[in-house]
Amino acid sequence: MDRKWKWVLSSGALLVIFLGRMTTALEVPLDPKVLEGLPQPPTITHQSPKDFIIDPRENILIYCEAKGKPHPSFSWTRNGTHFDVEKDSKVLMKPSSGTLVIDISGEKAEAYEGIYQCTARNEHGTAVSNNIVIRQSRSPLWSKERKEAIMVQVGVSLVLQCRPPAGLPPPIIFWMDNNFQRLPQNTRVSQALNGDLYFSNVLLDDTRNDYICYARFPHTQTIQQKQPITVKVLDMDAINETVAAMYNYTNNLFVDSPSGERRPSFMAPLGRSSTQMALRGGVLELECIAEGLPTPEVSWYKESGDLPSSRMSFHNFQKTLKIADVMEADAGDYRCTAKNSLGSAHHTIKVNVKAAPFWISAPRNLILAPKETGILTCRVSGDPKPQIAWSVNGVPVEDSPKDMSRKVEDDTVILSDVQTGSSAVYQCNASNEFGYLLANAFVNVLAEAPRVLTPPNNVYQVITNNPAFLDCASFGSPIPTITWFKDSQTSILNRDPYVIHNNGTLEINVAQSLNSGKYTCIASNNLGTKENHVYLEVKEPTRILAQPEYMVVQRNRKAVFECKVKHDPTLIPTMNWLKDNGELPDDERFLVDTDSLTINDVTEEDEGTYTCVMNTTLDQDSASAMLTVVEATPTPAIVYEEPDPPTDLELTDQRERSVQLTWIPGDEHNSPTQKFLVQYEDLLHQAGVWHNLTEEEGTKTTAHLDLSPYAYYSFRVLALNHVGYSQPSQPSRQYRTNPAAPDVNPTDVQGVGTEHNNLVISWKELTGLQSNGPGLQYKVNWRQKDVEEDWSSETVANASKYVVSGTPTFVPYEVKVQAVNDYGNGPAPEAVVGYSGEDVPMSAPESVQVLVQNGTLAEVHWEPVLTSMVRGRLQGYKVSYWRERSLHQAEAQQEEQQVLAFSGNRTDGRLPGLKPYSLYTLNIRVVNGKGEGPLSPNHNFETPEGVPGPPSFLRIKNTNMDSLTLEWGPPQDNNGRLTGYTLKYQPVNNSNELGPVEEMTFPANETTITLADLKYSTRYKFYFNAKTIKGSGPTITEEAITIMDEAFIQQPIVDVVKVHPIGSAFTNVNSSVVGEEGAVISWEYFGPDKNVYVEYIVENSKEDWTKEFVNGSSGSQTYLIKGLKPGTSYRVRVVVKDHSEATIHSTEELVITLPEAMKSNQVDLATQGWFIGLMCAIALLILVLLIICFIKRNKGGKYPVKEKEDAHQDPEIQPMKDDDGTFGEYSDTEDHKPLKGSRTPSNGTVKRDDSDDSLVDYGEGGDGQFNEDGSFIGQYSGKKEKDTHEGNESSEAPSPVNAMNSFV
């Protein structure tokens, strides 16, 4: 075989490949030279989308582009009938195109709505576009409605309905206030998918009169505004019964649900379950909005599987689950859970996934030769299953002329024995209730002689041992057969090293110099033959023979790096030198020669790594060396370098398994050689990889080398001194060893079962060098251990495992693997023991007993499961236990199950963390490597009593001068039968020193006590705990202060009793924003200390708190914080400090957000040049008049103004008064009016009559520029009429449409 292969290579190979006719894959090439003269039916290349929503302000552009030979003509249908474009002067079809341009200026866009379809035809067929539905975008008016104020009680739920007009496309909904500010949303208040605003529970702060729903229509860029909604939240506990009854009776606006704390319930969707349909590939949005107090948290999970984490996202504070790119696997039951501290509610949404038709395999264009057979397939899927309809040239198949060569079978069209001139375009239409797919595929019947598309006489160049690819692209009908020849001799066989690809390319896996030459490819079919010639040149690789060496050079001396290269003589090399992987410094001291780099007068800056890079047009090679610069010494220092590589390698004493290698050492460079390292390369199995073989002492020059059979050895030697290794020597001549039987067997043999009835035998394969010969295989042997039976065996090749089927469950097997090749078997292998596969255990542990140690610890004991019933490798036991109920309770309240695992063959274990005085249940199961066994019967046990938990609460009320009342609740965890309570209390003075302790005990059924004879204006600390027969439980503490005088006792009785917080002297803490730079804090303070401060800090800031002192008198107080930054959020608190600046009391922190500074386009006249000049002129004129008047008066005469006064005596013109110095002729009534266009002073508020951006002016009763339907008109202005005291101010505000767009 080898001899024959060598003959084929040496004589030049010839390979003939017959490419089967791929009628479904033949495409016309894009080469213009080939396209010339080739007929082609029309193909639609560009069209408008199926659902096309147009802007009524712009011309309509409906795309339809197609190609074909000859170029197709175009026509249109509208609503199923012919659309005559030429008869409509508003419609223009682009030249050489089917694209329509409809000019709607002066016309209504509605006139051109409809379903359009484009047809492209030439003499070879007709292609049609999709049905393009043209619809005009619409932004309908909001229906008028009268909105009455909504009154609700604190804590109830509320829905503000938006109900926007249905637009095309649907509008974007958002809620804002009169100031264009988005209404804040959170887990309590959020907007639903339908645009409604949901309140899980309302607060007093929700009272406002500007809840406004906006709808933005994207295409027309218009915004519609709903009438503002007023919501008034009432606290029925804070007003008298008469007013409450009046509101309830006259308005009947309160919801029926209670206003107090309550479990969650769902506001949307209603009921316990609902259904929703989603389309494959679309977006699924599931929504659950719940009400309750406290505000519920919503969570999601899928009952029948996991949520698709990669396509899933939560929105609207986790109330909306959004799944993108919906798949069939997303169908199922989705459960949303709303939970608060009082309970939870559940709602299940059943999701059904349907699918519009989608492609599995769209029909592809066919190019057939006469009398050939072709198949068009139109494979689609969908839910419901799509109906498939075929058309030919736009006409349904059943209505087209009969063609005996055509057969239609559902989604397939079979064309047999086609004839010249039968070219056509076929349409496949797949539709169901959710949509349709339309595809055009032409059948082009051509008879074309072969053409070779690859340019002639191409020259391909590759480096030795790299793959080479020779192209032979062709076209013809029928598809040509490709034949390759080399040097016009015998055919090339389709085997190593040649591979013929389907496109005609010839691949040579590993190119050698003997593969160089002239190659000819011939493309032929029944209409002719075409040939093409290409040339392959295999070049020698570029290699660096003498590499640059590490150098230590004295400063101001010379450094020379050599780099000698061997390359293919026909390639032009380029040598580049790099320093530290960058370019060499631009310095004349660096001299680059053909094969060296010289550095003159070296300095410390020249230190680094120098690399020589040899490039050719096909490959490159590189080598590096370091330069170290040292200080010059008076006497030359001894230079230590690596030794030179050994030379003259010679092989002697050649035997089957050994050879002797000799060499001549190189220069040691002042450092004796310590050892020689011999390496080898196996050209047969691992060419180019060098392995260490042996080491010899530095005084020897000969090595005896033990070899393996069936290897092509080359050897080289490296020398080592204290500097390092030398470069490798030149390789020795090749030495080949003869094949032999294997010397070793595979290692790491194992037998492990992966199924209950199999055994997988695996091993580590031998390397090529270990194979010792061709035809390496592995003989696998196995038998069941401790059973008298013969060995079973199987021989495999190129594998590292073998699977034995039909084995018993988890039994031991003896396995062994032996290596064999064409020259014999390896040594007898040793057997190893493995086990067949495991199965889950069959029985549960028995005789389960529980020994209770105390109220929190128990021991469980059991009998182990028999080994035969474990059916696998025992891993341990799992104990599952859970608390059924407290022994106080008659009804079960099962808690979450806990599981403890005990490894190994255990028979007992401890259960920690139990709750006293409780009933528990447990069961046990055995675990092996396959899984868990059945559960043992449930076993119940009880835990004894323990100490109780802390009391659930301790409240202090009715604080007087010398008495107060304590209330408490029993512990949540009694852990036994309560025997009573213990109360200890003691006074605390101003220096935090504790007084004497008083102690009291109470029976278990008491929950309140009044303490008398206390000291007035004194702080007391209380310690309270519960007791059982096991002892006292944890203590809870509280503090309270007795008041100073009787004035606080004589307060009027009201419906709502205010209980001051324990440990704090503050109540009723509120805040409000004043203007853009201020905030007001109010509170009630009841305490003896007077050092009260208001502290504030920017939210999320790391700076210190800003502190402002407040008079610390008792009662209600307010404080104005000034100088805050507009648009900034602050944290504010009120604190009381002692004399050491330590905080005694503190309110909860309030978050205050100041509004942004109002932007104004008004012009400040005081900064305008013309205004300043005018004022200066007026001032100068007045000064001149004053001087003239002064002169006249001194002369005793009358000036004209005075004469005028005397003559007319106009009551509105008063004479000049000596006491005030004013002129009667110039009344100052006008001076108090603001100048026209003057800037409105900013005091933190903007008047409603001014031109601001507030939406209040556009609400009911305003003069703002809105249409009757509430839509905006481009620009708007303020009121036309203004009070006289406001002046004639004017400013031009920005368009509210642009302002609103900035929010969406």
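Residues Tyr735 and Tyr713 place their aromatic rings such that the two centres sit no closer than 6.0 Å. Ring-centre distance between Tyr877 and Trp862: below the 6.0 Å cut-off. In this structure, the ring of His756 has its center no less than 6.0 angstrom from the ring center of Phe810.
Under a cutoff of 6.0 Å and an axis angle of 45°, Arg716 and Trp690 form a cation-pi pair. Judged by the 6.0 Å distance and 45° axis criteria, Lys816 is positioned over the aromatic ring of Trp791. Geometrically, Arg783 does not engage Tyr813 in a cation-pi contact, judged by NZ or CZ lying under 6.0 Å from the ring centre and within 45° of the ring axis.
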Could you list the donor-acceptor pairs under 3.5 angstrom formed by side chains in residues 759-770, with sequence neighbours left out?
unit_1 : atom_1 : unit_2 : atom_2 : d
Trp763 : NE1    : Ala799 : O      : 3.3
Thr767 : OG1    : Gln770 : N      : 3.3
Thr767 : OG1    : Gln770 : OE1    : 3.4
Gln770 : OE1    : Thr767 : N      : 2.9

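One distance of note links CG of Asp822 with OH of Tyr710; it measures 8.5 Å at 0.5 Å rounding.
Ser936 places no side-chain N or O within donor-acceptor distance of the main-chain N or O of Ala844, the cut-off being under 3.5 Å. Of the possible polar contacts, none joining the Glu814 side chain to the Gln784 backbone as a donor-acceptor pair under 3.5 Å is found.
The existence of a salt bridge linking Asp743 and Arg657 is confirmed by a sub-4.0 Å separation between a basic side-chain nitrogen and an acidic carboxylate oxygen.
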| task | Would you please test Tyr498 and Trp484 for ring pair (Phe, Tyr, Trp, His ring centres under 6.0 Å) and show each step? | result | CA-CA 10 Å; Tyr498 300 102; Trp484 278 95; 9.6 Å; no
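Listed by chain and residue number, nothing satisfies the side chain to side chain donor-acceptor pair (under 3.5 Å) test with His704 (two or more places apart in sequence, or in another chain).
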